[in-house]
Amino acid sequence: MAKFFATTIVVIMVLSAIPIIRNTWHPLPNISAHGQAIDDEMWGTMIEAGISLLASQFILAWFIWKFSVPPASSAKLDKAPTLVIEAKSFPGGATGLVIAAIILVGMEVLALGIFGIKSWASMYFTQPGADALPVQVQAGQFAFYFRYAGPDGKFGPLHPDLISESNQNFFGLDPTHDQDAKDDLVTASMAIPVNREIRLLMHSKDVSHSFYVPALRIHQDFVPGLDLQLHFTATKIGKYEIVCSQLCGLGHYNMKAYLDVMSADDFDKWLKQQAALQ
Amino acid sequence: MHDVSAHAAAHHGPPTSLIRRHIFSLDHKVIGKQYYGLALVAVLIGMVLSWLMRIHLGWTNAHIPGLHLLSPNGAPGDVMTPEYYLQLMTMHATFMVFFVLTTAPFAAFGNFFLPIHTGAEDMPFPHFNMMSFWTTFVAFCVMISSFFVGDGPTLGGWTQYAPLSAVGSVSGPGQGTGVILWALSIAIFCVGQLLGALNFIPNVLDLRCRGMSFWRLPMPTWAWFITSCMGLTAFSVLMPACIMLILDHVGGTSFFVPSNLVINDQMQPHSGGSTLLWQHLFWFFGHPEVYIAIVPGMGIVTHVLITNMRKPMLSHRVLVYCMAALAILSYMVYGHHMFVSGMNPVSALGFSFPTLLITIPSTIIVLIWIGSLYGARIRLNSASLFALGFVSLFITGGVSGFFLAQPSIQILLHATYFVVAHFHFTMAIAAIFGIFSGTYFWFPKMWGRMMNETLGKIHFWLTFVGVYSIFMPFHYLGLAGNVRRYQAFVVDYMQPLIGVHRFVTIAALLTGAVQFIFLFNLVYSRFRGPLAPDNPWQATSLEWSTSSPPPFDNFGGRQMVVYHDPYQYGIQSSMGDYVLQDSPEQVKSAHDEP
Amino acid sequence: MNRNHKRTLVAVAAALGLASVAGLIAGNRVSAAGSGSITGTVKLSGSPPHMKGIDMSKDPYCVKQHENNPAKMENVVVGADGGLQNVVLYISEGLSGPEASATPSEEPVVDQHNCMYVPHVVAMDVNQKYKVTTTDQTTHNIHPLPAPGTGNIGWNKSQPAGAPPIETTWKAPEAISVKCNIHPWMHGWHVVVKGPYAISDASGTYTIKNLPPGSYTVTAWHEEYGTQTQKVTVAAGQPGKADFTFKAK
């Protein structure tokens with residue numbers, strides 16, 4: 001039974017490792033300027049964690065294989081013969097293991113920690129450039145809507161009391177009174193020019209949501225009552241998906257929008273097209 | 001040394017009436033069994049809910065015959081609605097986390113064995129102890145009632161993030177009455193657990209018998225002691241948080257709701273609250289709660305492994321120190337649940353480092369378990385198989401923690417199935433393996449009969465392979481960006497993953513079905529199992545020095561005196577290769593730690 | 001399919017049974033009630049407001065349904081000759097006796113079709129049963145939100161593709177705004193009135209039936225333009241007439 005147990009553990013581990021090694025299921029290919037650092041950290045961790053996992057499981061299996069005895073007959077369990085054995089102790093004992101764990105894991109932790117700070121800092125501790133394109137995204141049950149400042153480069157103020165999805169006033173704009181709001185473009189999908197920095201202004205109109213674009217390596221919750229800012233640069237033209245990852249109610253699974261990364265020319269055309277539709 | 005007779009509270013006569021013996025019993029052993037029974041009912045409910053969820057995830061909008069009987073609103077025409085899926089999901093998690101993983105390894109086994117391990121006749125405050133169970137029972141009933149009130153239970157997930165949970169039914173079905181009942185139930189539950197912890201801690205501090213120094217306490221009792229200390233602080237934060245949540249609904253307050261929210265085109269009449277406040281309060285409880293679920297399992301598994309290895313662990317003190325380190329660190333890391341939730345990004349680094357540090361005590365614990373196997377003579381029975389299975393699952397679950405401790409990797413993996421895999425392997429499945437291991441090990445002592453070993457082993461093999469088949473693929477789904485808490489996969493890039501979901505669904509249904517072998521074994525052995533000897537496993541701690549099951553005062557009026565460390569195995573004595581803790585026999589021990 | 005069929009049969013049988021019983025009890029008063037009616041046309045003067053197009057891109061299913069007929073808002077729908085559609089006309093004064101309290105047995109239906117509500121406005125009597133159905137291959141939620149204190153209690157239910165209709169009633173007169181949160185552009189009205197009612201069609205015409213002779217106040221309600229009232233007299237065998245004209249803002 002011990003051998004069977006050991007074999008089972010090994011087989012499970014090998015089968016589990018195969019999809020990882022063959023990369024059967026993997027994150028969507030990165031399309032952002034900052035994403036490579038995250039991917040590097042991810043695969044570095046994968047290698048470290050993978051080796052730790054396989055090594056400890058294999059040793060566990062090996063020890064079970066080696067140090068098990070046939071079960072005593074269950075009829076008289078409490079009278080089973082017990083051999084007094086010269087208990088061999090693990091070389092080095094507890095002290096050795098503790099020291100090994102602190103050194104090995106400590107180094108791993110430090111390495112990952114420092115590595116991690118780098119990619120995190122590059123995203124969150126930097127300021128967007130002055131020429132970054134501002135785009136506002138508003139999350140609400142259960143859709144994203146996007147706002148572009150229009151030719152004047154200014155966003156009109158938001159009036160929550162004017163929000164009316166039934167009148168397609170998703171943001172609560174008042175173009176008749178607010179000069180800045182007159183040329184604001186509101187869209188249901190997001191388009192951005194490739195290789196240009198985007199300054200994303202995140203606003204939630206009701207509950208907590210999240211802005212998760214796996215391909216863009218962007219993931220940030222919306223906090224109602226607190227507008228957050230992100231900045232990023234997309235480097236590859238294409239159509240990607242924005243999904244909500246923070247449980248927001250019954251339509252959570254269907255809260256999504258498309259992200260179109262397009263050339264600068266196409267983006268200008270798109271803006272004009274959208275303006276005509278307003 | 002402490003004299004038990006000095007504590008009047010620990011003395012009460014043998015109960016005579018049926019009600020006092022079986023229902024409102026003051027006996028810690030009956031209370032322990034009551035907790036076990038409650039956990040069993042809750043785990044069955046939780047499992048059936050997970051089946052329904054899995055069927056829906058594999059085959060969206062499938063007709064599940066008879067489902068409309070369960071909820072005419074939630075499943076009209078036997079098709080599960082999105083809100084019903086989320087309600088089942090919330091209830092699955094709530095039942096499992098609170099009424100199974102907190103009650104079974106901690107309250108059930110802890111109540112039964114902690115006083116026996118310390119050599120006491122009962123808990124220091126038996127009435128509080130009785131109230132602890134019945135308060136928890138009321139909490140359970142309140143939670144169940146939410147299925148039958150208004151538009152059903154809450155759909156907000158067991159984390160109940162505000163403002164979704166705090167603005168009322170406008171934000172979704174079950175978000176009115178459902179949330180209020182949820183918060184009420186959890187607040188009551190907290191009271192029950194606090195009453196329990198208030199018994200466990202003084203029992204360990206004050207009711208130890210003669211000769212029972214701290215380092216002579218068996219490992220599960222150490223684990224329960226550490227868990228009680230965690231529970232005392234964690235539940236006393238969650239309870240006021242739940243009361244604040246209820247007040248946001250019925251008291252006109254706005255603790256968790258900021259101004260200017262517009263839901264369904266209506267301005268909400270709240271202002272000035274903070275949504276992150278709830279997350280801070282919840283996770284300050286939530287992360288220690290994870291350890292409340294798993295640390296007792298660690299203690300139980302260590303206990304079972306030592307007995308079946310026939311030798312002590314490399315170091316018991318290091319294990320205790322590591323468990324204590326986990327407990328302390330668990331308060332410093334809760335922010336890793338909130339890396340991308342809008343906290344100041346600088347704080348992510350502050351939470352990330354202690355999170356990575358948690359790896360060190362966890363690794364030491366695992367290494368001591370594995371290293372101790374070296375040179376052992378492992379008896380493979382149902383209890384030790386589940387204990388070794390626990391070790392394997394805990395490693396697998398722990399390793400995925402490497403990823404999730406790093407804020408930048410959470411950008412990829414936060415709120416995906418990778419997280420679901422991580423916490424199911426550690427706090428859920430590993431903890432459940434701890435419960436199984438404890439059940440097979442202690443059943444003879446609790447009910448005086450042996451469980452069927454063959455059924456136990458079949459149960460183990462199928463469950464072990466089953467849980468890996470269910471939860472391993474979750475890692476792959478997470479890597480591919482599959483977001484959790486989705487009732488269907490309408491996002492384009494998630495469509496190709498449906499095959500994996502179907503595989504998991506089939507594995508979950510089969511593995512769930514296997515649990516009925518355990519249930520049968522449990523019920524059959526309770527009535528038909530062979531009578532258990534006092535010490536069937538040739539073990540050493542005090543529970544094996546008394547009859548199976550123990551008399552109402554645990555040791556039949558004997559004043560216990562302890563002469564040995566809890567795990568004297570691999571030595572020469574008149575009993576064989578072990579010596580009971582209360583045996584005055586002098587043995588030469590190579591294992592006494594300084 | 002089979003189950004639906006059976007259900008329909010049962011419903012029809014039950015309706016027939018009820019109708020015959022009601023007929024026996026009410027006797028000739030019912031036939032008298034059906035004799036009179038009020039007809040008319042509702043028009044919009046001035047240039048109708050621009051109805052914005054709807055961008056449904058979050059749900060590709062909805063986009064596909066509207067490939068050849070772009071969707072636009074339906075808040076103000078005006079026919080070729082200025083007829084204003086979706087106006088609810090009902091008797092606000094003058095009804096008494098059984099006509100006021102009788103609940104029609106027919107069930108109005110709102111269908112969720114191509115990610116829009118068809119019709120955009122549905123009217124019903126207090127306690128009159130009505131149905132919400134779906135013919136879409138995507139899940140909708142129906143979220144009517146009555147004002148607090150009216151006696152109507154809001155609800156919020158999803159309807160996955162293929163789910164049976166939701167059948168329900170309202171307790172008090174009120175124009176209730178209804179939304180789908182999964183598709184936030186989906187918006188409609190469930191207008192609850194007391195007594196006989198009608199909704200203006202594409203040309204703006206309407207007929208309120210089942211009125212006994214008498215003098216009444218007719219109210220016309222439109223979601224954007226509010227209400228107008230007129231007094232009308234219905235004589236035996238001669239329908240009353242009331243035309244309304246709303247002014248575009």
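Aromatic ring orientation, C:His120 versus C:His187: perpendicular (interplanar angle above 60°, classes split at 30° and 60°). Between B:Phe256 and B:Trp278, the ring-plane angle classifies as perpendicular under the 30° and 60° cut-offs. Using a 30° and 60° split on the angle between ring planes, B:Phe489 and B:His501 fall in the parallel class, below 30°.
With chain C as partner, the option from B:Asp151, B:Asp265, B:Thr60 having the largest number of non-hydrogen pairs under 4.5 angstrom is B:Asp265. Of the listed residues (C:Pro160, C:Ser158, C:Pro184), the greatest number of heavy-atom pairs within a distance under 4.5 Å of chain B belongs to C:Ser158. Per-residue counts of heavy-atom pairs under 4.5 Å with chain C were compared for B:Thr81, B:Asp492, B:Ile263, B:Val79; the largest is that of B:Thr81.
For B:Val490, no part lies near chain C; criterion is any non-hydrogen pair under 4.5 Å. Within the 4.5 angstrom heavy-atom criterion, only side-chain atoms of C:Asn181, from C-beta onward, approach chain B.
With values rounded to the nearest 0.5 angstrom, C:Glu74 atom CD is found 14.0 Å from C:Trp189 atom CH2.
With contacts defined as side-chain heavy-atom distances shorter than 4.5 Å, the pair C:Met51/C:Asn75 qualifies.
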